[in-house]
Amino acid sequence: MPAEEFVAGWISGALGLVLGHPFDTVKLLGFFKGMSFPIASIAVVNSVLFGVYSNALLALTATSHQERRAQPPSYTHVFIAGCTGGFLQAYCLAPFDLIKVRLQNQTEPRAKPGSPPPRYRGPVHCAASIFQAEGPRGLFRGAWALTLRDTPTLGIYFVTYEWLCRQFTPDGQTPSSGTVLVAGGFAGITSWVAATPLDVIKSRMQMAGLKQRAYGGLLDCMVSSARQEGLGVFFRGLTINSARAFPVNAVTFLSYEHLLLSWG
Ligand SMILES: CN(C)C(=N)NCCC[C@H](N)C(=O)O
């Protein structure tokens with residue numbers, strides 16, 4: 001199994017997350033003040049995504065990354081490989097994402113002096129507390145919703161990227177850096193637009209059992225959220241997700257493609 005896609009995915013994920021840092025800081029109330037936890041989580045998850053995607057395409061089409069410009073895979077194969085990468089990355093992401101959502105929902109960073117200390121002191125304390133209270137399965141709370149969010153949307157992500165690259169690149173040639181930046185940026189936006197409704201539901205399920213109400217399942221969470229707050233609830237966070245998605249994914253794809261090109 002070629003491993004360079006995993007390494008390129010790790011490095012490009014780390015570079016993308018540096019660009020996403022200001023957005024994440026706003027969105028997560030200072031959760032990403034330090035960079036070590038996101039690098040350990042998002043970059044590793046990106047490595048799984050790109051590594052699995054490329055190896056799934058290799059299995060489906062018998063072409064390596066370098067050969068795919070001359071022999072482009074069908075969009076069906078790109079979609080299946082993207083969904084496979086999304087499915088596996090969701091399971092790697094689940095514990096990290098749960099910790100992120102639990103920390104994000106702590107209101108303590110805004111608390112007044114004299115108020116009780118935060119429930120979680122940081123990512124490691126948060127993971128240990130969930131493990132102690134709920135066991136190892138507790139760390140995978142919401143993983144099912146995360147899988148439903150990431151499996152199709154990562155298929156959409158890679159199809160959008162491939163389609164845009166092919167629109168602006170003569171047959172058989174390597175896309176220019178400008179094309180890769182634009183295609184990567186729009187792939188990020190498209191995938192996040194598709195993912196936002198399930199992202200909202202996933203976060204609510206991850207918070208269930210802590211302070212919000214417990215839901216009977218994914219469908220119950222969807223129906224009761226829509227009943228109480230209207231359909232607009234499914235688009236919460238859409239603007240910031242999309243604004244963040246463009247630079248993060250433009251740089252992720254640019255660095256990924258350049259690394260693989262330079263390694264031959
Ligand atoms: C759930 N969705 C839509 C995605 N994971 N999309 C792919 C983008 C990945 C990138 N690390 C990012 O955070 O934007």
Side-chain angles (χ1 to χ4, degrees), residues 5-6 8-28 31-32 35 37-54 78-79 81-94 96-101 104 142-164 180-203 205-206 234-257:
E5 283 92 348
F6 286 95
W10 191 90
I11 298 172
S12 60
L15 290 172
L17 98 87
V18 171
L19 272 210
H21 187 260
F23 295 92
D24 288 320
T25 308
V26 171
K27 200 174 155 190
L28 307 179
F31 166 65
F32 277 1
M35 295 290 278
F37 185 73
I39 287 193
S41 56
I42 295 173
V44 168
V45 168
N46 204 62
S47 148
V48 171
L49 172 64
F50 278 78
V52 171
Y53 167 73
S54 195
V78 171
F79 185 74
C83 291
T84 312
F87 180 83
L88 289 172
Q89 79 130 31
Y91 271 88
C92 300
L93 178 64
F96 298 117
D97 194 64
L98 177 69
I99 293 165
K100 181 191 84 174
V101 169
Q104 180 181 356
W144 175 226
L146 191 65
T147 309
L148 280 183
R149 183 197 77 174
D150 283 7
T151 304
T153 56
L154 269 301
I156 293 171
Y157 179 65
F158 285 106
V159 167
T160 309
Y161 174 72
E162 272 300 316
W163 184 79
L164 284 170
V180 170
L181 276 173
V182 172
F186 278 107
I189 292 185
T190 315
S191 69
W192 274 108
V193 168
T196 297
L198 268 165
D199 190 55
V200 172
I201 298 306
K202 169 208 68 87
S203 302
M205 302 216 37
Q206 287 170 323
F234 295 120
F235 299 98
R236 245 181 228 169
L238 183 65
T239 313
I240 191 150
N241 283 348
S242 307
R244 174 191 165 280
F246 192 92
V248 169
N249 292 288
V251 164
T252 298
F253 271 105
L254 185 68
S255 43
Y256 177 76
E257 295 285 7

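Numbers here simply count residues along the sequence, with the first being 1. Below, all heavy atoms of this structure are taken into account, side chains as well, without hydrogens, waters or symmetry copies. Ligands are counted one by one from 1 in listed order, and the atoms in each one are counted from 1 as well. Please read these numbers as outputs of a predicted model, since none were measured by experiment.
Near R244, meaning under 4.0 Å from any of its heavy atoms, are these atoms of ligand 1: 12 (C), 13 (O), 14 (O). If you number the atoms of ligand 1 from 1 as listed, the ones under 4.0 Å from a heavy atom of R149 come out as 1 (C). Near L154, meaning under 4.0 Å from any of its heavy atoms, are these atoms of ligand 1: 4 (C), 5 (N), 7 (C).
Proximity of the aromatic rings of F253 and Y157 is defined here by a centroid distance below 6.0 angstrom, and this criterion is met.
Counting heavy atoms from C-beta on, the side chains of W163 and V78 never come closer than 4.5 Å. Looking at Y161 and V180, their side chains come closer than 4.5 Å, going by heavy atoms from C-beta outward.
Ring geometry for F87 against Y91 counts as tilted: the plane angle lies between 30° and 60°, on a 0 to 90° scale. Aromatic ring orientation, Y53 versus F158: parallel (interplanar angle below 30°, classes split at 30° and 60°).
Nearest protein heavy-atom contact of atom 9 (C) of ligand 1 is N249 OD1, 3.7 Å.
Checking I42, D150, V45, N46 against atom 1 (C) of ligand 1, the nearest heavy atom belongs to D150.
With a 4.0 Å cut-off on non-hydrogen atoms, Y157 touches ligand 1 through its side chain and not its backbone. The residue D199 has no part lying near ligand 1, judged by heavy-atom distances below 4.0 Å. Under 4.0 Å from ligand 1, not a single heavy atom of L49 appears. Contacts with ligand 1 closer than 4.0 Å are made by heavy atoms of both the backbone and the side chain of S191.
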Chi angles and distances behind the ring-ring contact (aromatic ring centres under 6.0 Å, His included) call for F186, F246: CA-CA 6 Å; F186 278 107; F246 192 92; 5.5 Å; yes
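In this structure, the side chain of N46 engages the main chain of G9 through a donor-acceptor pair within 3.5 Å.
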